[in-house]
S.K.: 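Dropping a structure here in structure tokens format, bear with me for questions.
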2 protein chains.
Amino acid sequence: MANSSKVIKCAGYRWSGINLREYKAEDAPFKDVTRQTLLGEGAGEEGLAFVTRYFEVAPGGYTTLEQHQHPHTVLVVRGSGTAVLGETSYEIGLLDCVYVAPDTIHQFRAAGREPLGFVCVVDRVRDRPTPILRPHA
Amino acid sequence: MANSSKVIKCAGYRWSGINLREYKAEDAPFKDVTRQTLLGEGAGEEGLAFVTRYFEVAPGGYTTLEQHQHPHTVLVVRGSGTAVLGETSYEIGLLDCVYVAPDTIHQFRAAGREPLGFVCVVDRVRDRPTPILRPHA
């Protein structure tokens with residue numbers, strides 16, 4: 001097997017050779033979110049049990065309020081904002097870590113001034129999220 | 001099941017409630033490395049297929065030169081240094097991503113001026129590293 005070890009250089013929150021993609025194709029409510037899949041879906045990376053994605057939420061934006069069985073881990077690497085976990089909102093900032101346990105309704109919101117960027121790692125094999133429709137707090 | 005969702009706050013590269021540990025107990029060559037296990041080993045986190053650890057290498061320090069079957073992913077979150085991947089050394093800096101493919105001999109070295117801090121995610125189920133004994137380049 002070819003050795004697929006590599007360094008993926010980052011400059012300005014963009015990673016070399018990684019496409020900037022739409023957050024979601026689904027018709028679920030979200031605002032101003034982009035996605036870059038950093039690791040876990042490339043050639044030679046099939047052995048990883050997990051996928052590493054970078055999400056960036058523009059000022060005032062938010063991810064889908066959603067729920068799923070698979071757990072999330074999140075590491076904030078840019079800006080600050082709010083993590084909604086069930087009925088509680090937490091302020092999050094640089095290098096704070098978030099654990100979203102199975103079935104927790106959750107959402108990430110950027111503060112007003114700067115983008116909120118976070119690395120989110122999930123199991124490779126996972127269920128699809130269910131959007132939660134409730135009034136935006 | 002109790003909801004174990006949480007935010008782990010970070011201040012000065014230390015995470016709230018997380019112990020700072022020795023890098024390794026084994027008698028393998030390394031220098032000035034600490035470890036904090038952020039997620040994947042706590043109560044309620046059993047569902048994660050992976051474990052998230054933060055390693056910090058002091059200026060001039062280095063991790064064990066080693067090899068194992070399980071792949072690594074690394075995200076640099078502090079400082080800069082060098083990733084040795086097989087026979088090649090790569091300069092690494094803030095938010096660079098490293099993929100260490102199975103069986104790649106690898107090592108992380110801090111540059112001389114500041115600590116190198118990186119988040120390393122690995123599969124929960126994995127083989128033990130084998131230290132590689134060769135002259136330090």
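Atoms considered below: every heavy atom in the structure, side chains included; atoms not considered: hydrogens, waters and symmetry mates. Residue numbering restarts at 1 for every chain, and letters A, B, ... go by the order of the sequence lines.
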S.K.: Check B/Thr52, B/Asp123, B/Leu48, B/Val122 against A/Phe50 for a side-chain contact (heavy atoms from CB on, under 4.5 Å) and give me the one that passes.
M.R.: B/Asp123
S.K.: So which part of B/Leu39 gets closer than 4.5 Å to some heavy atom of chain A, the side chain, the backbone, both or neither?
M.R.: side chain
S.K.: What's the verdict on side chain to side chain contact (heavy atoms under 4.5 Å, CB included) for A/Val7 and B/Cys97, showing C-alpha distance, side-chain angles and the deciding distance?
M.R.: CA-CA 6 Å; A/Val7 173; B/Cys97 227; over 6 Å; no
S.K.: What do the steps show when you test A/Leu75 against B/Val119 for side chain to side chain contact (heavy atoms under 4.5 Å, CB included), and what is the final call?
M.R.: CA-CA 9 Å; A/Leu75 179 75; B/Val119 172; 3.7 Å; yes
S.K.: With respect to chain B, which residue among A/Val77, A/Val74, A/Val121 yields the maximal number of heavy-atom pairs within a distance under 4.5 Å?
M.R.: A/Val121
S.K.: Under a 4.5 Å cutoff for heavy-atom pairs, which residue among B/Ala49, B/Ser16, B/Gly93 has the most contacts with chain A?
M.R.: B/Ala49
S.K.: Scan residues 89-99 of chain A for pairs that pass salt bridge (charged side-chain N to carboxylate O under 4.0 Å, His left out), counting only residues two or more places apart or in two chains.
M.R.: A/Asp96-B/Lys9
S.K.: For the backbone of A/Gly42 and the side chain of B/Tyr99, can you confirm whether one donor and one acceptor N or O come within less than 3.5 Å of each other?
M.R.: no
S.K.: Identify which of B/His106, B/Glu45, B/Gln69 forms the greatest number of heavy-atom pairs closer than 4.5 Å to chain A.
M.R.: B/Glu45
S.K.: If you count heavy-atom pairs under 4.5 Å between each of B/Val76, B/Leu38, B/Thr73, B/Leu94 and chain A, which one has the most?
M.R.: B/Thr73
S.K.: Please rank B/Asp103, B/Val98, B/Val125 by heavy-atom pairs under 4.5 Å with chain A and give me the top one.
M.R.: B/Val98
S.K.: Which atoms form the tightest heavy-atom contact between A/Tyr13 and B/Leu95, and what is the distance?
M.R.: CE2-CD1, 3.6 Å
S.K.: Using atom types as modelled, flag every donor-acceptor pair under 3.5 Å from a side chain in residues 80-88 of chain A to any protein atom, sequence neighbours excluded.
M.R.:
from    : atom 1 : to       : atom 2 : distance (Å)
A/Glu87 : OE2    : A/Arg134 : NH1    : 3.4

S.K.: Between B/Ala101 and A/Ser5, which heavy-atom pair has the shortest distance, and what is it?
M.R.: N-OG, 2.9 Å
S.K.: Do you reckon B/Ile92 sits in the same ILVMFWY cluster as B/Phe55, going by side-chain contacts under 4.5 Å, direct or chained?
M.R.: yes
S.K.: Are B/Val100 and A/Val51 in one and the same hydrophobic cluster, where Ile, Leu, Val, Met, Phe, Trp and Tyr link if side-chain heavy atoms are under 4.5 Å apart?
M.R.: no
S.K.: Would a single hydrophobic cluster contain both B/Phe118 and B/Tyr90, if residues Ile, Leu, Val, Met, Phe, Trp and Tyr are joined by side-chain heavy-atom contacts under 4.5 Å?
M.R.: yes
